[in-house]
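Both ligands and their constituent atoms are indexed starting at 1 by order of listing. Given the structure is predicted, the values throughout are model-derived calculations rather than measurements.
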Amino acid sequence: MDVSDKGISGSDEVHAAARMGWLRASVLGANDGILSTSSLIIGVASAHTAQAGILLAGISSLIAGAMSMAAGEYVSVSSQADSEKADLTREKKELGSSWDSEVSELAGIYRQRGLDDLLAHQVAVALMKHDALGVHARDELGISDVTAARPIQAALASACAFALGAILPLLTAVLSPLRLVSWSVSIVSLICLAILGTVGALAGGTAPWRPALRVIFWGVMAMLVTSVIGNVFNK
Ligand SMILES: [Zn+2]
């Protein structure tokens with residue numbers, strides 16, 4: 001029953017899944033931006049760097065991080081898009097040359113999902129008459145419009161999420177008195193990380209405590225390590 005439910009899931013469900021993917025990616029990007037930029041600022045500030053140096057480090061972290069997120073996301077999503085495209089080209093060729101074996105291939109997939117022989121065959125024939133490549137893409141390769149890889153969008157979204165996250169500790173460093181920079185940046189960043197973790201957990205339908213605590217734990221670790229290293233260079 002579960003298997004067939006998954007196979008015929010409605011489009012609302014699919015859209016919710018796609019939204020979750022975007023939300024998850026944005027939350028992760030913003031987490032990265034907050035954590036790496038605040039740790040960098042704390043490290044530099046712990047070495048008693050002047051305000052201009054701290055701000056330069058923060059701005060560099062924002063730009064470098066956003067660019068590296070964009071590049072990483074573009075490369076990974078592009079290669080996914082390439083392999084989806086290659087799969088579709090091969091599928092198109094197979095549909096052109098061996099229609100009958102493609103029908104039985106699709107019918108086999110529907111049998112696995114719980115249809116009996118006759119019904120599986122009828123469904124395969126009917127769906128292939130309607131949109132042969134579309135149904136093979138969806139049910140055999142698992143490619144739908146929703147999951148189809150979009151490299152530029154993914155790159156921009158990750159870069160923006162990182163930059164939005166990074167701007168919080170950076171602004172805090174700008175507004176805070178120099179001798180309090182480490183403290184204010186770590187407190188503001190931990191609060192933002194906790195809020196983000198809670199929002200992400202609630203959106204994902206899980207209890208907010210664990211994710212928030214996990215992200216706070218790793219946030220404290222990162223900030224402690226860079227602050228210790230910064231203090232080593234403090235002369
Ligand atoms: Zn096929």
Novice: So what does the E91 OE2 - the Zn ion (ligand 1) - E105 OE1 angle come to, to 10°?
Specialist: 150°

Novice: How far apart are the C-alpha atoms of I143 and R138, what are their side-chain angles, what is the distance that settles it, and do they pass the side chain to side chain contact (heavy atoms under 4.5 Å, CB included) test?
Specialist: CA-CA 5 Å; I143 303 171; R138 201 170 55 240; over 6 Å; no

Novice: When you draw lines from the Zn ion (ligand 1) to ND1 of H136 and to OE1 of E102, what angle lies between them, to the nearest 10°?
Specialist: 90°

Novice: Can you tell me if, anywhere in E140, an N/O/S atom lies at a distance from the Zn ion (ligand 1) that is smaller than 2.8 Å?
Specialist: yes

Novice: Is the CZ atom of R90 crowded by more than 12 outside heavy atoms at less than 6.0 Å?
Specialist: yes

Novice: Please examine the side chains of M128 and W99, heavy atoms only from C-beta on, and report whether any two atoms are closer than 4.5 Å.
Specialist: yes

Novice: State which residue, out of D139, D116, D117, fulfils the side-chain contact (heavy atoms from CB on, under 4.5 Å) condition with Y110.
Specialist: D139

